[in-house]
Amino acid sequence: MRLPSPFTITGGRIIDPATGTDAIGSIEIRDGAITAVNLDAAPPSGPTIDATGLIVAPGLIDPHVHLREPGQTHKEDIESGSRAAAAGGFTTVCCMPNTTPALDNVAAIVNVERRAQEVGLCRVRVVAAATVARQGQKPVDFAALASAGAVAFSDDGDGIEDDAVCSAVMAGIKNVDSVLFPHCEFKALSHSGAVHLGPVSRQLGLVGYDPHGEEAMIERDLALVAKLGVRYHVAHVSTAKGIALIADAKRRKLPVTTEVCPHHLLLCDTDVLRADGTPDPNFKMSPPLRSATDRAACIEAVRSRVIDCVVTDHAPHTASEKNAPFERAPMGIVGLETSLACAARALLDPPAFDWPDLIERMSTAPARIFRLPGGTLRVGAPADVVLIDPDRAWDVDPQQFHSRSQNTPFGGWRLTGRAVCTLLAGRITHLDAAQRDRLIAKSDF
Ligand SMILES: [Zn+2]
């Protein structure tokens with residue numbers, strides 16, 4: 001929905017971690033950009049949206065989503081994924097390259113960005129493959145892909161196992177001042193199991209997904225980063241030891257950042273079991289749900305900033321794919337429409353960790369790490385804004401998702417906190433039906 005220009009969002013709790021703002025006020029939007037932030041009772045410019053009782057924050061940014069286009073559009077495509085993102089409060093997402101074929105060439109990047117612009121619901125930036133066809137052998141043309149718009153490089157889904165290839169990839173990425181965004185896993189060590197290695201995998205008689213596979217690659221990579229100095233962002237860290245390695249690298253001032261997914265903050269391996277003791281494929285992902293100790297380490301690390309961002313790893317699969325026997329069901333769950341409320345549930349503990357901290361991890365930090373537009377409400381920034389009702393309780397009904405897939409472990413959960421209105425460059429890309437009257441009818445458009 002296009003709005004008049006200028007207009008003003010009034011009465012909300014303005015949270016902008018980039019400027020340290022957390023106060024009631026108004027923001028003026030003109031020609032798609034933020035043109036004023038007023039924390040006093042300045043008269044509004046143009047029509048107003050009344051955000052009383054709501055948080056007004058920079059649009060959420062998720063650097064780790066799988067949009068499945070090209071090649072797997074029965075699971076998701078750029079349009080359905082953008083719709084899901086907007087509904088979740090996101091204004092920018094970065095899509096991973098494990099499509100069919102992989103996003104390892106300039107034309108593929110240009111196609112994704114063009115399609116995302118046609119859809120117009122969310123900024124979509126590309127994380128390009130780090131090696132040709134994600135085969136872990138031949139580095140891609142980093143300079144060409146970075147100039148075409150790739151914001152980072154990853155073979156997500158697979159680790160770059162060969163030491164020499166990984167060194168070459170890091171050197172190439174360093175040359176173009178981009179970011180290596182690795183899925184850390186030596187498959188010979190992790191055994192690509194179905195469930196985290198532990199009592200649950202033993203009880204089920206399934207191959208255990210050994211955390212050592214993840215930790216050993218983080219350790220190998222950090223030694224290379226210390227030598228080569230490339231910016232390095234560990235994807236979806238999930239173990240206490242992996243976090244400790246990253247904390248140590250940060251103490252040594254290496255250019256290292258990392259992220260965690262809401263499911264690793266809220267669930268652990270015992271949650272995989274249904275009441276009848278069988279495992280539920282909607283709790284299967286890579287890395288897997290770990291132990292309760294690992295989960296506690298993840299939460300603590302977000303609070304202490306060892307973990308920089310909370311990301312979804314939104315990974316759609318159809319019901320028929322997920323309904324396969326657990327061992328054969330594909331890895332991954334959707335997350336864009338539950339991420340904010342799940343992260344709030346896992347992390348909020350005011351005043352020690354309050355909404356500004358959460359917005360920082362879900363918008364400001366990813367913008368900074370991947371040099372993306374947005375992540376702030378500063379004057380001059382694009383008007384990428386989310387209005388959040390922090391008190392709104394709602395039931396997760398996967399049938400209501402905008403995503404093409406419903407593979408979530410959170411179906412039936414009652415969560416609190418929801419994006420009720422998302423604006424991309426000053427246009428409404430999502431408006432919660434229950435809030436429409438409150439926001440628009442009461443507004444003087
Ligand atoms: Zn991954």
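Predicted model only: the values in this text are computed from it and were never measured. Order of listing sets the numbers, starting from 1, for every ligand and every atom in it. Nothing fancy with the numbering, it's 1 onward along the sequence.
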Chemist: Are the side chain of His264 and the backbone of Pro288 linked by a donor-acceptor contact shorter than 3.5 Å?
Modeler: yes

Chemist: Just so I know, are the side chains of Gln435 and Asp389 near enough to count as touching, which here means a heavy-atom distance under 4.5 Å?
Modeler: yes

Chemist: Strictly under 2.8 Å, is the Zn ion (ligand 1) approached by any N, O or S atom of Asp313?
Modeler: no

Chemist: Between Arg371 and Asp177, is there a salt bridge with N-O shorter than 4.0 Å?
Modeler: yes

Chemist: Closest to the Zn ion (ligand 1), which N/O/S atom of Asp156 is it?
Modeler: OD1

Chemist: The Zn ion (ligand 1) and His64: any N/O/S contact shorter than 2.8 Å?
Modeler: no

Chemist: Checking salt bridge (Lys or Arg N to Asp or Glu O under 4.0 Å) against Glu214, which of Lys241, Arg220, Arg290 comes through?
Modeler: Arg290

Chemist: What N/O/S atom of His183 gets nearest to the Zn ion (ligand 1)?
Modeler: ND1

